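What follows is a single structure, written as structure tokens, with notes after it.
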2 protein chains.
Amino acid sequence: MIDKRSHILDAAEELFAEYGFEGTSVRELARKAKVNIAMISYYFGSKEQLMKVLIQNRAGAFREQIATLNKEQLTPMDKMDLLIEYWVERIFSNQQFHRVLNREISLQQRSAFNKTISDIMLGNFEEVKKLIIDGQKKRVFRKVDVELTIASLIGTISKVVQSSYLSCKILNVDPDKNSIFNEKHKNRLKLHLKDLMRAHLLIK
Amino acid sequence: MIDKRSHILDAAEELFAEYGFEGTSVRELARKAKVNIAMISYYFGSKEQLMKVLIQNRAGAFREQIATLNKEQLTPMDKMDLLIEYWVERIFSNQQFHRVLNREISLQQRSAFNKTISDIMLGNFEEVKKLIIDGQKKRVFRKVDVELTIASLIGTISKVVQSSYLSCKILNVDPDKNSIFNEKHKNRLKLHLKDLMRAHLLIK
DNA sequence: TAAAATTAATTAAACGTTTGTTTAATTTTA
DNA sequence: TAAAATTAAACAAACGTTTAATTAATTTTA
């Protein structure tokens, strides 16, 4: 059965997000996925390779989404609005996985995933960069620090999804009702980022 | 010798930042600190309690720094500039530790540190909130989303210090010369944040 | 098509390491 | 000499991985 393989991937995503890579044992993983322990080595070779597959499966597609956006006939600000829309949607629908990525990339040496993750992120980064620089060339956007502007965008989104406990406390939300929390505050975040970028980028 | 205790704390900060809490063994830790393995339990009781001491030792003082700033006779924008100055300085001089905090807070359940860290962060958060709301009351600042504005501030700084590999790639910096990297890009980050907050907050 | 052969999937048990912690003996300090 | 600091050794538990045996599925053969 091939779907045991994806059962493992699903369980891994959930457990790695909750307990971290090192903090998740293959036994917990196997129990959660309802498979035998040996199936992890059987399908993926090792726990580390499982993680790499997880990363490559779940990330990467975003770059194409922005590339397509860049080719469309829209004003730079409309593109920025859509970028924010896409980006928030994507991260909110993969919150757990996004936390895994952020945690692993902050491990400098040991993590075998640092380069894997960084390269994917750099790809997305370059595409967003094109969007802003195009707006500057068209004299619609100010001459802002492009790299750090992107850092502000992704940094804000990451902060919000980083710790649900902290976020709920900050945003005054009941930590239990996660679905409502998501919809309501996804829009709040989008509005804030659009407002922030409009003030920051547009020439007055 | 009491300084063996701080040797352990220093080693822990470095190793936890590099390999994570779970990824660091007490044996590595003892080797790095040049003490016997048993000294960790002797001084701290357990690896977990060592982590808690680490958190409480290194964090917390920031709140008082902002509280003092809030009491001074300055324009809201000058206060914001100083806040950015302080915040960037503090995080850049404790980059490694900041990475530890961010990683552990993103672990939901297992981490016994989540609440410890969150409470400290919430304290700082409340103080920054006062600063912005005061600026709004004085009709100098726009009616922006206060909570998410703070998320943008701290989110941007966190992103930059999160992964030195990624940051260097993005900012086009040689990853080796870390000291130069720090000074040069600390100022770049400050300038960006001041510019961003000016555009975002000030009523035109 | 039925039987045989082969490959793939799955399992329980055991592998050797490594984990964090503790012990009991020894050295250092005051 | 009594207390504190330090050590090497051992502890049980948990770790990721491998093994060898078994069942299920697929392919080949007659």
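Quick caveat, the model's predicted, so the values are computed rather than measured. Below, read A as the first sequence line, B as the second, and so on, with proteins coming before strands; counting in each chain starts at 1. Only heavy atoms go into these numbers, but all of them, side chains included; no hydrogens, no water, no symmetry mates.
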Only distances under 3.5 Å count here; give the side-chain donor-acceptor pairs of residues 120-128 of chain A to other protein atoms, sequence neighbours excluded, each with its distance to 0.1 Å.
unit_1, atom_1, unit_2, atom_2, d
Asn124(A), OD1, Arg63(A), N, 3.3
Glu127(A), OE1, Arg63(A), NE, 3.3
Glu127(A), OE2, Lys130(A), NZ, 3.3

Query raised in the report: Atom CD of Glu48(B) to atom P of dT19(C): distance rounded to whole Å?
Result: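 Nearest whole value for this atom pair: 17 Å.
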[X]: salt bridge (Lys or Arg N to Asp or Glu O under 4.0 Å) partners, not counting sequence neighbours:
{"X": "Arg198(B)", "answer": "Asp81(B)"}
{"X": "Glu13(B)", "answer": "Arg58(B)"}
{"X": "Lys79(A)", "answer": "none"}

Query raised in the report: Does any pair with a residue in residues 161-172 of chain A pass salt bridge (charged side-chain N to carboxylate O under 4.0 Å, His left out), and if so which ones, sequence neighbours excluded?
Result: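 Residue pairs with at least one partner in residues 161-172 of chain A: there are none.
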Check every atom of [options] against the side chain of [X] and return the nucleotide holding the closest atom.
{"X": "Tyr43(A)", "options": "dA14(C), dA5(D), dT10(C)", "result": "dT10(C)"}
{"X": "Lys4(A)", "options": "dT10(C), dT17(D), dT6(D)", "result": "dT10(C)"}
{"X": "Tyr42(A)", "options": "dG20(C), dT6(D), dT10(C)", "result": "dT10(C)"}

Query raised in the report: What residue pairs, at least two apart or across chains, pass ring-ring contact (aromatic ring centres under 6.0 Å, His included) with a residue in residues 46-80 of chain A?
Result: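 Qualifying pairs: Phe62(A)-Trp87(A).
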Side-chain donor-acceptor distances from residues 32-40 of chain B under 3.5 Å, at least two apart:
unit_1, atom_1, unit_2, atom_2, d
Lys32(B), NZ, Glu14(B), OE2, 3.0
Asn36(B), OD1, Ala38(B), N, 2.9

Query raised in the report: Which residues in residues 32-39 of chain B have at least one heavy atom lying under 4.0 Å from any atom of DNA chain D?
Result: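 The answer is Asn36(B), Ala38(B), Met39(B).
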Report task. Would you indicate what Ser41(B) reaches in the nucleic acid, counting non-hydrogen atoms under 4.0 angstrom: base, sugar-phosphate, or nothing? Result ->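 Since a base atom lies under 4.0 Å of Ser41(B), the category is base.
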Query raised in the report: Stems in DNA chain D: runs of 3 or more consecutive Watson-Crick or G-U pairs, distances under 3.5 Å?
Result: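 The stems are C:1-30 with D:1-30.
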